[in-house]
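Because only heavy atoms are used, hydrogens play no part in the values below, and waters and symmetry mates are left out as well, while side chains stay in. Treat the numbers as computed from the prediction; the structure is a model and nothing was measured. All residue numbers in this chain count up from 1 along the given sequence.
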Amino acid sequence: MRRLILFSCLLAACSSNGGAAHDGTYLSDASFRRGELTASLVNSSNGYAQKRLASYDSGDANDWSLLPESNPRVALIDHNGHLAESAPLDLSDPDLGKQAFFRYPVQEIDHRFEAPDVAQASGFWSDAEHGLGGLVHVTYDNGLSETALTCSTCHAREDANGLTVGVTNPNLDLGWGPARVDVTTADGSEPVMISDIRPTKFLTYLHHDGNVKQRDLTTLAIRIETLIITSHRRVSRPPREVALALANYVWSFSESLPSPPPATDLGALIFASTCGSCHSPTQNFTGDPVPLAEVGTDPTLGLSLERGTGKYRVPSLRGVGTRTPLLHDASISSLTDFLDSARSGGHRFGLDLDDASRAALLKYLAAL
């Protein structure tokens, strides 16, 4: 009964925030999930797609649905390194998405980050309600325990205004450099920028290389579910209620973004002629992926055997005024630097503007 009630609540949430009502079928229909996965994969021959096609609701002995469901006891770690009360997530909680964002273990991490001084030096945020950088101490049913990251570790930022949720943590350094992670390779050869996930609802494609077409909320739920499964070394899977609630919660971040300036604004007119062919204002400032040569940035990720598509995603620019760093490799620190005509590197669009036009465009971008 508990799951039936939750199913109804999540279904209503899907409908209220723009998701298709049938997304609730994700919880119970394996053939539906399999069809949605297959339809969302852009390049079915790369490593990312092949792993999922081989095991996600495959109906054979390798089926990830056969993995034990994991909802372990977790305890937040506070700014002094102390543990809060340990408990599993309540799958009937109306705020399950938020709770999972801050408390569900996504990726094991070295125990040394429990030390507040190391965590602070590595850019972890600290918050009275959500602890030290979203770190949790996890205790499994077999008695084993570990320290783990949550979604919030990478996708939240602490500043003078408190904790901003969904935005990139620009200071977090887990070994790949600030605001960069490599969730693809064992040798760390394909680090990418930690994404600002506030405009996720607006995206037509997920991943920096546009490897997944976001058809609806189910696409994101499957993306989250399979991310956790692979992060957990394919020995367990999250409750699907958690994956779907997280998808809903992430989509809700779009509500925190300001409305764009009017199309008659000078900056908007300059944007339309300089940037609008890729970042379409009528599509929430995103669009279809662009060939690597046209973007002109480092093509390593787009050519990856694991996730490559030969293109890069066009990120939504909603919220770009409070986003840092920029580009898929986190190589540019600010909008001002991004439009500096003296900078090197790819994505040269707008660098030939005169000073007045550049200032108007920067003002417009900052307001998105």
Side-chain angles (χ1 to χ4, degrees), residues 5-27 36 40 76 89-104 106 125 127 129-131 133-134 149-159 161-169 194-207 212-228 238-260 283-286 313 315-323 367-368:
I5 293 172
L6 181 66
F7 173 89
S8 300
C9 293
L10 289 175
L11 191 59
C14 290
S15 300
S16 65
N17 73 2
H22 69 202
D23 287 333
T25 312
Y26 159 79
L27 292 175
E36 289 294 302
S40 71
L76 290 174
L89 293 180
D90 178 359
L91 300 184
S92 65
D93 188 339
D95 288 329
L96 177 60
K98 179 180 179 180
Q99 292 301 315
F101 188 82
F102 286 100
R103 297 183 61 231
Y104 191 83
V106 174
W125 50 264
D127 178 75
E129 179 182 0
H130 302 297
L149 305 174
T150 62
C151 299
S152 65
T153 306
C154 295
H155 301 290
R157 179 182 68 204
E158 182 185 25
D159 54 29
N161 297 317
L163 194 66
T164 301
V165 180
V167 72
T168 304
N169 182 350
I194 297 169
S195 293
D196 176 0
I197 59 174
R198 294 174 300 169
T200 298
K201 183 177 180 179
F202 304 138
L203 295 176
T204 50
Y205 290 82
L206 305 176
H207 297 175
V212 174
K213 183 173 177 60
Q214 184 172 227
R215 292 158 45 83
D216 51 33
L217 191 73
T218 301
T219 304
L220 183 59
I222 292 173
R223 162 72 182 118
I224 291 170
E225 181 189 359
T226 59
L227 166 67
I228 294 173
R240 292 196 182 93
E241 293 92 338
V242 168
L244 185 57
L246 276 170
N248 263 298
Y249 185 58
V250 169
W251 265 24
S252 76
F253 295 159
S254 64
E255 299 168 8
S256 68
L257 298 173
S259 298
Q283 298 182 59
N284 277 298
F285 299 87
T286 184
R313 174 187 69 182
S316 171
L317 296 184
R318 294 289 302 278
V320 72
T322 51
R323 182 182 306 162
L368 291 180

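Side-chain polar atoms of Arg157 and Asn169 form no donor-acceptor pair below 3.5 angstrom. Judged purely by distance below 3.5 Å, without hydrogens or angles, the side chains of Asp90 and Ser92 pair a donor atom with an acceptor atom. Residues Thr204 and Arg313 bring no donor and acceptor atom of their side chains to less than 3.5 Å of each other. No donor-acceptor contact under 3.5 angstrom links the side chains of Tyr104 and Gln99, judged on distance only. Side-chain atoms of His130 and Arg103 include no donor-acceptor pair closer than 3.5 Å.
Annotation for Pro260 and Phe285: closest pair CG-CE1, 3.7 Å, computed over non-hydrogen atoms. Annotation for Glu36 and Arg215: closest pair OE2-NH2, 3.1 Å, computed over non-hydrogen atoms.
Put simply, the side chain of Tyr205 does not reach to within 4.5 Å of the side chain of Val212, judged on heavy atoms. Between Ser254 and Arg198 there is no side-chain heavy-atom pair separated by less than 4.5 Å. Leu227 is listed as a side-chain neighbour of Arg223, based on a closest heavy-atom distance under 4.5 Å. Tyr249 has its side chain out of reach of Cys151: every pair of non-hydrogen atoms, C-beta onward, lies at least 4.5 Å apart. Two residues are said to be in side-chain contact when any heavy atoms from C-beta on lie closer than 4.5 Å; Leu163 and Phe102 meet this criterion. Between Lys201 and Val250, the closest side-chain pair of non-hydrogen atoms is not below 4.5 Å. You'll find the side chain of Leu257 reaches within 4.5 Å of the side chain of Pro199, heavy atoms only. Looking at heavy atoms from C-beta onward, Leu246 lies in side-chain contact with Val242 at the 4.5 angstrom threshold.
Side-chain N or O atoms of Ser195 include none that pairs as donor or acceptor with a backbone N or O of Ile197 at under 3.5 Å.
Leu220 pairs with exactly one of Thr218, Asp216, Ile224 by the side chain to side chain contact (heavy atoms under 4.5 Å, CB included) rule, that one being Ile224.
The aromatic ring centroids of Phe202 and Phe253 lie 6.0 Å or more from each other.
Residue Lys98 places its NZ atom among 12 or fewer non-hydrogen atoms of other residues, nucleotides or ligands, all under 6.0 Å distant.
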